[in-house]
Chemist: 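I am attaching a structure below and will ask some questions about it afterwards.
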Amino acid sequence: MNKTSVANIIISDFPDPDVIRVGDIYYMVSTTMHFMPGCVILRSYNLIDWEFASYVYDKLETTNGQLLMDNRGVYGKGMWAASLRYHDNKYYVCFVANDTHKSYLFTADKIEGPWTRSEIKGFYHDMSLFWDDDGRVFVVHGNTDIHLTELESDLSGPKKGGLDKVIIQDDREKVGLGYEGSHLYKINGRYYNFMIHIPKGKMRSQTCYFADNIEGPWTGRDVLCSDLGKWNSGVAQGGIVQDKAGKWFGILFQDHGALGRIPVLVPVSFGEDGFPLFGDDANKSGPSRASGTPVEITVLDNKPGYKYSPLWSNDFTNPAWQWNHIPDPRGYTLQSNLYTIQTKKLVKNITQAANTYTQRTFTEKCAGSVIVDAGKIGEGDFAGLAALEGEYGFIAVTKRDGKYYLVAAEHKSKNEPWAMGVFDTDPPTIKEEIPLKSPKLELKLIFDLTRAKQQVQLLYREKPGKGEFQQLGKPVQLRYTLDQFVGVRFALFCYSTKQAGGQADFTDFNYSFW
């Protein structure tokens, strides 16, 4: 038996979780937006420790946006809030992509794939896939107005003459964010739909509605209002799952600033009035608080002693790494300890650059270094290591008038932080620069993502592996914004501003914690 607290279980950006158990194994799916491969699924035997199980697709749609050919991309869009289900010995994942405005369905006999892609006719925001005991299949979806739509048995689209109605409505005048993120279950003969919403003037909350008949009437209220870690962001949206001993747990998420949206494990029980209770200090008359001191809970370990593979890696071929958008195969080579980018187009900044290679930051205090050989970059090129999200910073080698320079740069968005998907084409601002004797050196980022700091230091040493790292410029302030809608990541990049064809080699990535 393992013990943990009602707290973050993965200190990294894995938002919109949905979770199932198949036998001894738990699987969790999470939103990956514009990163490729996409739609990540994690595996666990105890709900606390997780490792990669699979990605559902290598690329979703070869549009100009997802390929970054339009130099705008699909930031703030891509795949959102997948529903993960296991039914009749088959795995199902469904979600919408907010750039293509399609509803996708993937199926597989094994969680590792291969996954077969199809589409569900229509667009079902934050959908939850559900089979009833009588074999009918539904999706619950929507924002503020929550819809129940019956599907054809093959899930190809709405069933002709089938049920299609609004079952739950939020009060638009009283919320900042109406109900969404549905997760529908049938427990002990009763239907439960879990959702997120943000009442005006309050933090986000977890809500549950239940009904004795799937068509209603539905009765509901907030069931969790929690501020773990004093982030003032609330814990909400996600799935619940039952362990082999019969206990229920929820995996929700909480915003942690630039670090992203962090999965949280919460115990769940059901009160005499039918409403779920989240956390040991839950009460029957209102939402659980679970906010002051985390509550210790007991979790059943289905595979004691199992060694989990970490969710970060120094190996470029490890699933911890994802491309920013669909990569251009003409412009990169990939080996375990060598990643090479050769530019094929002209851009103004890193967000337009093809083949940028990323992995998540983990914990509030992490660091990563890499050796970059920029000897083959062209005039006006930039090659280096970035702290990439909507507002970013980087340290990079550039070439000007035939000479190499090391620059520290940052970009601050002109847009409002909640301007979803708005794209900024400005070049980054160079804050500091120094001349280089050699274009081959070691670069390092040190993140302090505590609520009080939210920043990254940019460092270098001109002789890789030797001597102390030196800081270039002041730490870059980071901020989570909805133009990209993701937590900050390490990013290896090379881009050209004057003539395509420049090349940079990256080796010896080293992930660390402090």
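As the structure is a computational prediction, the values presented were derived from the model and not from experiment. We count residues from 1, following the sequence as given.
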Chemist: Going by atom types only, do Y480 and R261 share a side-chain donor-acceptor pair under 3.5 Å?
Modeler: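 Yes - a donor-acceptor pair under 3.5 Å links their side chains.
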Chemist: Are E112 and R43 within salt-bridge range, i.e. N to O under 4.0 Å?
Modeler: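 Yes, this pair counts.
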Chemist: Do F35 and H325 have ring centroids that are under 6.0 Å from one another?
Modeler: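 Centroid distance H325-F35: not below 6.0 Å, so no.
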Chemist: Is the distance from the ring center of Y55 to that of W115 below 6.0 Å?
Modeler: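 Not close enough - the centres of the two rings lie 6.0 Å or further apart.
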Chemist: Salt bridge or not between K376 and D505? Use side-chain N to carboxylate O under 4.0 Å.
Modeler: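 Answer for the salt bridge query: no.
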Chemist: Taking atom types as modelled, is there a side-chain donor on K444 or N510 under 3.5 Å from an acceptor on the other?
Modeler: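 No.
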Chemist: Measure the spacing between CZ of F394 and CZ of F493 and express it to the nearest 0.5 Å.
Modeler: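 Going from CZ on F394 over to CZ on F493, the span is 4.5 Å.
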Chemist: Are any side-chain N or O atoms of N318 and backbone N or O atoms of W321, one a donor and one an acceptor, separated by less than 3.5 Å?
Modeler: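 No.
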Chemist: Looking at residues at least two apart in the chain, or sitting in another chain, which of them share a side chain to side chain donor-acceptor pair (under 3.5 Å) with S44?
Modeler: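 Scan of S44 (side chain to side chain donor-acceptor pair (under 3.5 Å), adjacent residues dropped) gives N46.
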Chemist: Are side-chain N/O atoms of D222 and T207 paired as donor and acceptor at under 3.5 Å?
Modeler: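 D222 vs T207: donor-acceptor pair found between side chains.
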Chemist: If you compare all heavy atoms of V264 against all heavy atoms of N8, which two are closest, and at what distance to 0.1 Å?
Modeler: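 Where V264 meets N8 most closely, the heavy atoms are CG2-OD1, 3.2 Å.
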Chemist: Taking salt bridge (charged side-chain N to carboxylate O under 4.0 Å, His left out) as the definition, give me every residue that meets it alongside R117, ordered by chain and number, with sequence neighbours left out.
Modeler: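 Scan of R117 (salt bridge (charged side-chain N to carboxylate O under 4.0 Å, His left out), adjacent residues dropped) gives E61, E119.
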Chemist: Under 3.5 Å, is there a donor-acceptor pair between the side chain of Y460 and the main chain of L441?
Modeler: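 Answer holds: no.
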Chemist: With a 3.5 Å cut-off and no angle check, do the side chains of S336 and D315 form a donor-acceptor pair?
Modeler: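 Short answer, yes.
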Chemist: Determine, using ring centers only, whether F490 and Y511 are less than 6.0 Å apart.
Modeler: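 Yes: the rings meet the under 6.0 Å criterion.
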Chemist: Does a donor on one side chain sit under 3.5 Å from an acceptor on the other, for R489 and Q322?
Modeler: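 The answer is yes; a qualifying pair exists.
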Chemist: Is S226 reaching over with its side chain to a backbone N or O of G234, donor-acceptor style, under 3.5 angstrom?
Modeler: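 Looks like no, no N/O pair under 3.5 Å.
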Chemist: Does the pair H411 and E391 meet the rule for a side-chain hydrogen bond (donor to acceptor under 3.5 Å, both in side chains), with working shown?
Modeler: CA-CA 6 Å; H411 168 74; E391 295 193 348; over 6 Å; no
Chemist: Strictly by modelled atom types, are S182 and S128 linked by a side-chain donor-acceptor pair under 3.5 Å?
Modeler: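 Looking only at side-chain atoms, S128 and S182 do not form any donor-acceptor pair under 3.5 Å.
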Chemist: For a quick test of reading the model, state the closest non-hydrogen atom pair linking G76 to F485 and the distance between them.
Modeler: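 Closest pair (atom of G76, atom of F485, distance): CA-CB, 4.1 Å.
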Chemist: Hydrogens and angles aside, do Q66 and H34 bring a side-chain donor and acceptor to less than 3.5 Å of each other?
Modeler: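 H34 and Q66 do not have a side-chain donor-acceptor pair below 3.5 Å.
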Chemist: Taking N64's backbone N and O only, do any of them form a donor-acceptor pair with R72's side chain (distance below 3.5 Å, no angle check)?
Modeler: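 Side chain of R72 to backbone of N64: no pair is present.
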